[in-house]
**Q** 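Below is a structure I'd like to ask you about.
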2 protein chains.
Amino acid sequence: MQQEQEMYAVIFTSILNEDIGNAYTIMANRMVELAKQQPGFIAVNSARNNVGITVSYWEILAAIANWKKQEEHLMAQHEGKEKWYNYYSVKICKVVRMYASKQ
Amino acid sequence: MQQEQEMYAVIFTSILNEDIGNAYTIMANRMVELAKQQPGFIAVNSARNNVGITVSYWEILAAIANWKKQEEHLMAQHEGKEKWYNYYSVKICKVVRMYASKQ
């Protein structure tokens, strides 16, 4: 698969605090559903073992900026910092090359 | 944390075939250890549930190209395509902005 248009990736890496309740999972699932509804959203993948990695893909940088300041997402970010994340990092990236197996 | 120098990320996303034996885990762990020894390597994170996501970070694009063609890694890529991966994608990215919580 060759890349045809610009694409940006947001790599969100996190380590949860201990004793995280069910509320975290509900919030995380809700944020994925909400992200999918944003303009410029392309796709999202997520996995968690010791570390959690969520990578979302976007058409333009402005779409990422808009998602960052979306109202419900802002609340989730605040709760995440206060309650859930022992550590997190956000890396905003421009995809320069991509290839994949046949699906 | 502000970004001080250029950094590149390789996002490797994969879905495994069913009935994957122990050999896959041994290979995957070995590749992480081997990646860490390559020139230009910065860091790697990995998690797998339904989908597996491994993100490795590198100082320059040439380091990624060198790692891709490292001999033992080439063998692992071949075995992966033949035996282990139902699907995989590789996205090579330039990190344009990053921030993180205090550690």
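Convention: sequence-line order gives letters A, B, ...; per-chain numbering from 1.
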**Q** Only one of B:Val90, B:Ile92, B:Val10, B:Leu61 passes side chain to side chain contact (heavy atoms under 4.5 Å, CB included) with A:Arg97; say which it is.
**A**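 Single side chain to side chain contact (heavy atoms under 4.5 Å, CB included) partner of A:Arg97 among B:Val90, B:Ile92, B:Val10, B:Leu61: B:Ile92.
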
**Q** Side chain from CB out, backbone as N, CA, C, O: work out which of these in A:Ile11 comes under 4.5 Å of a heavy atom of chain B, or both, or neither.
**A**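 For A:Ile11, side-chain heavy atoms alone lie under 4.5 Å from chain B.
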
**Q** Check for me, please, whether B:Ile20 and B:Phe12 land in the same ILVMFWY cluster - side-chain distances under 4.5 Å, paths through other members count.
**A**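 As far as the 4.5 Å side-chain criterion goes, B:Phe12 and B:Ile20 are connected within one cluster.
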
**Q** Is there a chain of hydrophobic side chains (I, L, V, M, F, W, Y, each step under 4.5 Å between heavy atoms) that links A:Tyr88 to A:Leu74?
**A**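 Per the 4.5 Å side-chain linkage, A:Tyr88 and A:Leu74 are not co-clustered.
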
**Q** Indicate if A:Phe41 and A:Ile60 have the same hydrophobic cluster label, given that clusters are the connected sets of ILVMFWY residues with side-chain heavy-atom separations under 4.5 angstrom.
**A**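 In one cluster: no.
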
**Q** Okay, side chain of A:Ser89, backbone of B:Tyr99: is any donor-acceptor separation there less than 3.5 Å?
**A**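 Not a single qualifying donor-acceptor pair exists.
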
**Q** What's the spacing between B:Lys94 NZ and A:Tyr8 OH if we round to 0.5 Å?
**A**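 One gets 11.0 Å once the value is rounded to the nearest 0.5 Å.
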
**Q** Which heavy-atom pair separates A:Cys93 from B:Val95 by the least distance, and what is that distance?
**A**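 Of all heavy-atom pairs spanning A:Cys93 and B:Val95, the closest is SG-CG2, 3.8 Å.
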
**Q** Give, as side chain, backbone, both or neither, the part of A:Tyr57 having an atom under 4.5 angstrom from any heavy atom of chain B.
**A**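 For A:Tyr57, the side chain is the part near chain B, not the backbone.
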
**Q** Any sub-3.5 Å donor-acceptor pair from A:Asn49's side-chain atoms to B:Arg48's backbone N or O?
**A**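 Yes; at least one donor-acceptor contact below 3.5 Å.
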
**Q** Show the numbers, then the answer: is there a side chain to side chain contact (heavy atoms under 4.5 Å, CB included) between B:Thr13 and A:Val55?
**A** CA-CA 10 Å; B:Thr13 310; A:Val55 187; over 6 Å; no

**Q** Find out if a path of hydrophobic residues (ILVMFWY) with successive side-chain heavy-atom gaps under 4.5 Å connects B:Trp67 to B:Val32.
**A**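 B:Trp67 and B:Val32: one cluster.
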
**Q** Quick one: what part of A:Ser14 sits under 4.5 Å from any heavy atom of chain B, side chain, backbone, both or neither?
**A**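 It is neither, since no heavy atom gets under 4.5 Å.
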
